[in-house]
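Just the heavy atoms: all of them, side chains too, but no hydrogens, waters or symmetry mates, feed the values below. Below, read A as the first sequence line, B as the second, and so on, with proteins coming before strands; counting in each chain starts at 1.
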Amino acid sequence: MDIYDPKTIEPKWRQFWLDKKVYQPDLAVAKKPYYNLMMFPYPSAEGLHVGNVYAFTGADVHGRFKRMQGFDVFQPIGLDGFGIHSENYAIKVGRHPKDHAKISEKHFYEQLHMIGDGFAWDQKLETYDPGYYRWTQWLFIQMYKNGLAYRRKAMVNWCPSCKTVLSDEQVEGGVCERCKTPTTRKETEQWFFKITAYADQLLNNIPKLNWPKKITVAQQNWIGRTKGLNIDFKIEGISKAITVWTKFWETVFGTTFLVIAPEHPIVEELSWRSENRQNFMNRISKALVKTEQQRKEEIEERHGFFTGSYVVNPVNGEKVPIWVGEYVLVDVGTGAVMGVPSHDLRDFEFAKKHSLEIKQVVSYSDRDIDAKVKSGQIAFEGEGVLINSGEFDGLSAWGIGKQKMADWMIDNKFAEWKTIYHLRDWLISRQRYWGPPIPMVLCEKCGWSSVPEDQLPVLLPDIKDFKPTGDGLSPLQKAPKSWLETTCPKCGGIAKRETDVSDTFLDSSWYFLRYPSVNVNPKSEIRNPKQIQNSNDQNSKRFEFRNSNLNIPWGQEVTRRWLPVNAYIGGAEHAVLHLLYARFVWMALLDWGYLSGVDSPEPFPFLFSHGLIIKDGAKMSKSRGNVVNPDEYISRYGADALRMYLMFLGSYDQGGDFRDTGMAGMYRFLERVWKAFQKQTQKSPAERDPALPEKIKNQKSDKEIKRVLNKTIKKVTEDISKFKYNTAIAALMEFMNAYEEKTSNEKENILSTDDKGKLIKLFAPFVPYITEEIWHNLYPDSQDSIHLSLWPEYDSKILERERIEIPVQINGKTRAVISADPSTAKIQSGIEKIAMEDPSVMRYIEGKKINKIIFVSGKIINLIVN
RNA sequence: GCCGGGGUGGCGAAAUUGGCAGACGCGACAGACUUAAAAUCUGUUGGCCGCAAGGCUGUGUGGGUUCAAGUCCCGCCCUCGGCACCA
């Protein structure tokens with residue numbers, strides 16, 4: 001074979017890897033376990049996106065590099081196929097989600113095979129597999145048993161298009177994360193997970209994480225811990241109080257009104273006290289039906305009305321009117337705000353709109369500002385001196401005054417410290433079909449019970465009419481009675497099953513714990529992988545746990561060996577979704593003792609988030625029509641060229657712009673590599689020379705090219721370690737340039753077989769197929785994969801001998817570059833001497849006085865002349 | 001508004017953290033091969049001046065520190081991403 005033909009090479013080695021189980025570490029005995037995990041895809045659309053290929057290739061390069069460094073790399077893959085996204089897509093193409101899952105599973109796995117990643121295929125999993133989701137249900141039950149799952153009636157986010165409730169994390173800027181429809185609020189009873197119980201731990205652990213700043217900051221903000229005061233304002237006429245939360249309590253003397261959210265629980269009671277209850281409730285319901293977006297659009301309106309009731313300001317006994325205001329959100333703080341219009345812009349706007357009193361309590365050194373605040377022209381939020389604040393007058397607003405006022409209010413029982421969080425409990429229920437049924441049953445006598453664990457999984461019933469109904473009822477309500485009704489685990493009477501399914505993010509919150517245990521059975525812990533291979537019946541594998549006595553979803557020993565995940569690689573879009581949920585689940589499991597012996601407070605100590613592939617300067621999207629389908633490029637140029645190109649087009653953490661011409665260029669480069677090795681290993685025309693094998697064997701490398709090779713090994717090793725794949729590839733290109741220049745002159749074998757082997761190994765993580773082919777051409781007797789060979793070391797002695805180039809600057813401008821051997825380059829006198837003798841340097845210093853010489857050892861010399 | 005990236009040739013991007021700006025690639029131009037084209041190879045390629053040697057200039061922008069700034073400091077502009085009526 002003499003032309004580079006990926007079409008014949010790639011399938012051949014793909015099969016070889018499978019047959020030889022090259023990427024299948026022995027999970028039970030691995031000495032140097034390295035769990036290299038990529039965020040698994042959700043197979044919602046037509047197939048693998050080039051963005052997926054980008055993500056997986058970068059992760060695979062890392063895994064291959066680690067494998068060649070002698071680690072037992074475990075790199076599993078699976079499909080996050082349950083959930084709204086898959087279901088919506090199935091509806092769109094007019095299929096039942098179950099049927100669609102089969103089709104997309106086949107397609108995705110085919111594509112995942114094509115791209116040549118070193119996946120551990122024996123451990124794949126799909127979240128819609130009953131053998132998997134029985135454990136998702138198990139996880140729900142543990143949450144319930146440990147008091148972290150509870151049912152509550154609450155105002156929740158509702159997506160009118162997906163026809164289900166959503167968690168806060170799934171509402172992005174007021175629209176549904178999946179379908180971008182503006183969400184509304186709806187009061188219903190739902191299942192929640194108490195993630196807030198872990199708010200502090202989630203926050204406090206962040207500094208321990210080796211994660212991109214971007215993501216840790218996003219999580220910090222999302223958890224949003226703020227310390228403030230709860231201040232009670234007693235309602236006039238009844239023995240109740242409204243509590244406001246504030247972090248600006250120093251302005252409490254300036255309170256001229258109180259504003260509560262339309263959803264505030266006291267609203268009902270206040271309505272009875274108002275003059276016109278009908279009118280009162282009309283105005284409330286008008287506010288409640290608005291979407292989040294509508295409310296935002298009407299911000300300037302500052303909608304609100306007076307309730308007719310008053311509270312008393314505890315600090316000065318002043319009578320303060322209670323208003324309802326749409327700008328006050330129920331779930332921030334206490335859902336009630338003390339209106340201080342002189343020092344809060346929103347309160348100011350509200351006061352202006354409704355002609356409420358304004359009272360200054362902080363005076364500012366800037367006279368102009370101070371005058372304007374005093375006359376009620378502006379609100380100002382800044383450091384100043386307290387006024388109109390009783391005994392606190394004259395103290396600094398943000399300093400001692402703030403402190404003293406807090407102490408005083410707490411001492412007098414007006415207030416107490418209250419830390420609030422932006423993070424709220426995780427809403428788990430979904431009124432959809434395609435998910436794990438929530439494993440709970442309701443008995444009229446006994447109330448809610450979890451399904452006994454030995455009855456898991458609660459299989460998702462096959463129903464034809466699975467589409468969301470829109471009335472807030474789950475499609476599973478249409479399941480047959482035989483499914484809907486069951487026995488109450490407590491009294492044995494008739495109980496009804498919960499018909500909501502759980503959130504997709506629950507499926508993916510623990511999958512990394514399952515991978516190593518996919519084939520674990522309780523007795524031997526690790527099942528012989530061969531057994532799986534021989535089992536033709538996929539279902540027998542999947543359902544084997546149903547009646548097994550493995551009572552948790554993972555083997556203890558294998559989990560201790562492989563967890564936590566060594567490297568987690570994926571996109572940044574999950575900063576406050578998946579990554580937060582998974583951390584929470586991990587912490588809960590640790591506390592419950594299910595991860596005994598796993599010595600890590602976090603599931604992903606190291607996380608790398610890759611950039612985004614864009615096309616023509618814009619995010620790929622179907623509506624823009626700029627989505628790149630990897631299949632076309634693979635069939636045209638091969639997976640290797642696509643991989644190499646994706647890794648080259650920008651730095652892996654930044655992403656890059658996909659261009660067809662770049663793709664073709666990379667194919668040309670691989671052809672050059674191919675040809676170079678053909679030339680070097682080719683037997684003809686001297687084929688008939690019987691002494692040739694001996695000659696090749698004894699061939700020594702050209703000194704110069706050996707030096708370049710060593711430099712390249714060093715550079716590629718360092719760059720791959722740092723995920724700087726683009727510059728690693730650039731270094732390989734530079735090597736090829738140098739190499740080709742040399743061979744075109746000499747037409748000789750200038751590299752020894754050993755050095756050729758080293759060289760091709762450097763390419764192996766990026767282009768696994770072509771390197772395997774070249775490797776076997778190089779070593780025709782080898783039965784082993786290049787990908788299990790050891791990463792080359794460079795000879796530092798050769799590099800030490802390299803001459804160093806030293807720029808010579810005159811008054812800071814480079815006028816010459818001199819070269820010196822490494823030892824001379826370190827000595828000022830030596831470099832000075834060479835510099836002064838350089839003709840172009842001499843031109844600049846001739847007749848001038850050298851005032852100063854700056855010498856940086858081995859780097860630069862700068863002559864300051866006048 | 002707050003937080004986090006980023007702004008470097010025609011384009012994608014490099015730059016060992018203060019030490020030769022533009023590595024590597026794409027594109028373009030010129031040449032070789034060819035009847036011709038494609039492919040391949042060989043050169044040139046930040047801008048301005050110059051026949052050339054060479055010179056000047058140049059990393060969003062205005063200042064500053066330094067022998068030396070893409071890199072550090074102060075002010076501003078633009079852009080991408082996250083959060084946002086958080087009281």
- Message: Does a side-chain N or O of N811(A) approach OP1 or OP2 of C67(B) to a distance below 4.0 Å, or not?
- Response: no
- Task: State which residues pass side-chain hydrogen bond (donor to acceptor under 3.5 Å, both in side chains) with T334(A); sequence neighbours excluded, sorted by chain then number.
- Result: none
- Query: With respect to the phosphate group of G55(B), does any side-chain polar atom (N or O) of R815(A) fall under 4.0 Å of OP1 or OP2?
  - Reply: yes
- Query: In residues 419-427 of chain A, which residues come under 4.0 Å of RNA chain B by heavy atom?
  - Reply: H422(A)
- Message: For Y725(A) and F723(A), take the angle between the two ring planes, folded into 0 to 90°, and tell me which bin it lands in: parallel under 30, tilted 30 to 60, perpendicular over 60.
- Response: tilted
- Query: Partners of E573(A) by salt bridge (Lys or Arg N to Asp or Glu O under 4.0 Å), sequence neighbours excluded?
  - Reply: none
Give me the distances for all protein-to-nucleotides 39-46 of chain B N/O pairs that come in under 3.5 Å?
none

- Task: List in chain and number order the residues that pass ring-ring contact (aromatic ring centres under 6.0 Å, His included) with W323(A), two or more places apart in sequence or in another chain; answer none if no residue qualifies.
- Result: F306(A), F350(A), H354(A)
- Message: Taking the P atom in each of C20(B) and G43(B), what is the distance between them to the nearest angstrom?
- Response: 26 Å
- Item | Pairs flagged by salt bridge (Lys or Arg N to Asp or Glu O under 4.0 Å) wherever residues 169-178 of chain A is involved - sequence neighbours left out | none
- Quick one: side-chain hydrogen bond (donor to acceptor under 3.5 Å, both in side chains) partners of S857(A), sequence neighbours excluded? none
- Message: So that I can tick it off, tell me whether K714(A) and E718(A) are bridged by a salt bridge, with the cut-off set at under 4.0 angstrom between side-chain N and carboxylate O.
- Response: yes
- Would you mind classifying the nucleic acid contact of S651(A) as base, sugar-phosphate or nothing, using non-hydrogen atoms under 4.0 angstrom? sugar-phosphate
- Task: Give a yes/no on whether any side-chain N or O of R346(A) is located under 4.0 angstrom from OP1 or OP2 of C86(B).
- Result: yes
- If you look only at pairs with a residue in residues 326-340 of chain A, which of them pass as a salt bridge (Lys or Arg N to Asp or Glu O under 4.0 Å), with sequence neighbours excluded? R185(A)-D331(A), K290(A)-E326(A), D331(A)-R424(A)
- List in chain and number order the residues that pass side-chain hydrogen bond (donor to acceptor under 3.5 Å, both in side chains) with Y327(A), two or more places apart in sequence or in another chain; answer none if no residue qualifies. D347(A)
- Query: Which pairs count as salt bridge (Lys or Arg N to Asp or Glu O under 4.0 Å) when at least one residue sits in residues 213-231 of chain A, sequence neighbours excluded?
  - Reply: D200(A)-R225(A)
- Phosphate OP1/OP2 of U66(B): any K852(A) side-chain N/O under 4.0 Å: no
Show me the protein contacts with nucleotides 17-20 of chain B, counting only N or O atoms at under 3.5 Å.
{"residue": "G19(B)", "atom": "N2", "partner": "Q809(A)", "partner atom": "OE1", "Å": "3.4"}

- Give one of base, sugar-phosphate or nothing for V328(A), where a contact means two heavy atoms less than 4.0 Å apart. base
- Task: Apply side-chain hydrogen bond (donor to acceptor under 3.5 Å, both in side chains) to E349(A) and list each qualifying residue two or more places apart in sequence or on a separate chain.
- Result: R302(A)
- Considering only the P atoms, how many Å lie between A69(B) and G58(B), rounded to the nearest integer? 11 Å
